[in-house]
Amino acid sequence: MVDHSGWRVGVASAPIHHGEILQGVFAHEGQLTRGLVTMPCTVHTTQASFQPARGEELTVSPAWKSKARRAAQLAVEACVPPGQGPVGGHLELTGDVPLCRGFGSSTSDVLAAIWAVQDALVSPLPPETVARIAVRAETASDSLMFKESSVLFAQREGKVIEDFGYRIPAVRVLGFGSRPENDGKGVDTLAFPPARYDDTEAGVFAELHAMLREAIHTKDVALVGAVATASTEINQRHLPIPLLDSLRAIERETGALGIQAAHSGDIAGLLYDRDDPEVDARTEHGRRLLHNIGIHEQWIFTTGD
């Protein structure tokens, strides 16, 4: 018998990310595992509501959001005690997250769905469980479910390789579409096989992992920028940014900390020290220089806002 006395319409809001600070392969449990550290972002969000109902049917609107529907089903299974099902319902998703850009739109959908279900059934799930559900729902997931600290996340296993214990130190990000010829249509990432890294790159990733750990623990924003730049440079062999040389010149001229990119998307960002008294002038100068090389799609945010 289903006890639905505590049920309610569950609501949730899920964040996005702005590509990666670091992505590659890292030592974990005796082997090299794909992992990433995402760049937090506040530009877009996904909202979800879930109306639970008795019965097996679970629907979603928009109907094409099949990953979110799958995530909601898995979340229901995790929240409902054995013998108290079946439970279905209706999931409604809204938001403004662009697709195929590197903002983590599918993970944002999936997380909003899971969180709305747990809110509706009044059954909170720990982030580790949410991570496993997210990977089951979408094959590879980002680490947006970990709100309290930054993590190096195995995106295909749904496991934390390392919890850094603190959030990424706050930076100002001048974001932009790195492939203006695409006119904001993004990148068909499904057409690209997962990057294959060589032994030299694997060694560099180990060094960058240690650097990022130090950067987070010491709140060294310049070191965060150096890690992001190095990871972006490595990714040039796999999904190159056409104007990277020009972007690196803008980075130097404006005193940016570095450049980060979506490793499977077409967005990127110049990073600046949020606490620099000249940050507004540097960012505005960067905007003008981006316009000069034909990059007109731009946005600004500060991590931690």
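Atom set for the values below is all heavy atoms of this structure, side chains included, hydrogens, waters and symmetry mates excluded.
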Does [X] reach the side chain of [Y], with side-chain heavy atoms less than 4.5 Å apart?
{"X": "Leu22", "Y": "Met211", "result": "no"}
{"X": "Phe146", "Y": "Asp163", "result": "no"}
{"X": "Leu125", "Y": "Cys79", "result": "yes"}
{"X": "Ser149", "Y": "Phe164", "result": "no"}
{"X": "Leu32", "Y": "Phe26", "result": "no"}
{"X": "Val221", "Y": "Arg274", "result": "no"}
{"X": "Thr33", "Y": "Arg156", "result": "no"}
{"X": "Phe176", "Y": "Leu247", "result": "yes"}

Review point. If you measure from CZ on Arg282 to CG on Leu270, what distance do you get to the nearest 0.5 Å?
Key: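 Answer rounded to 0.5 Å: 12.5 Å.
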Check your understanding: Nearest 0.5 Å, what's the CZ-NE2 distance between Phe103 and His18?
Key -> 5.0 Å
[X] side chain to [Y] main-chain N or O, any donor-acceptor pair under 3.5 Å?
{"X": "Thr232", "Y": "Ile259", "value": "yes"}
{"X": "Glu20", "Y": "Gln260", "value": "no"}
{"X": "Arg69", "Y": "Leu58", "value": "yes"}
{"X": "Ser150", "Y": "Ile168", "value": "yes"}
{"X": "Ser108", "Y": "Pro15", "value": "yes"}
{"X": "Glu207", "Y": "Val204", "value": "no"}
{"X": "Glu56", "Y": "Pro86", "value": "no"}
{"X": "His28", "Y": "Arg34", "value": "no"}
{"X": "Arg8", "Y": "Asp119", "value": "yes"}
{"X": "Asp142", "Y": "Leu144", "value": "no"}

Within the supplied structure, the quantity of interest is the number of heavy atoms (other residues, nucleotides, ligands) at a distance under 6.0 Å from [X] [atom1]; does it exceed 12?
{"X": "Gln236", "atom1": "CD", "result": "yes"}
{"X": "Asn292", "atom1": "CG", "result": "yes"}
{"X": "Arg136", "atom1": "CZ", "result": "no"}

Side-chain donor-acceptor contact under 3.5 Å, [X] with [Y]:
{"X": "Trp299", "Y": "His44", "answer": "no"}
{"X": "Arg132", "Y": "Thr129", "answer": "yes"}
{"X": "Glu162", "Y": "His209", "answer": "yes"}
{"X": "Gln47", "Y": "Thr45", "answer": "yes"}
{"X": "Ser231", "Y": "His263", "answer": "yes"}

Review point. Under the salt bridge (charged side-chain N to carboxylate O under 4.0 Å, His left out) criterion, do Arg179 and Asp266 qualify, and how do the steps go?
Key: CA-CA 6 Å; Arg179 292 173 177 79; Asp266 75 333; 5.8 Å; no
Exercise for review: Say whether Val9 and Val60 are linked into one hydrophobic cluster, either directly or through other cluster members, by side-chain heavy-atom distances under 4.5 angstrom.
Suggested key: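 Looking at the clustering, Val60 is in a separate group from Val9.
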Check your understanding: If you group Ile, Leu, Val, Met, Phe, Trp and Tyr by side-chain heavy-atom gaps below 4.5 Å, do Val151 and Leu223 land in one group?
Key -> no
**Study point:** Heavy-atom pair with the smallest gap, counting every atom of Gln23 and Phe205
**Key:** O-CE2, 3.1 Å
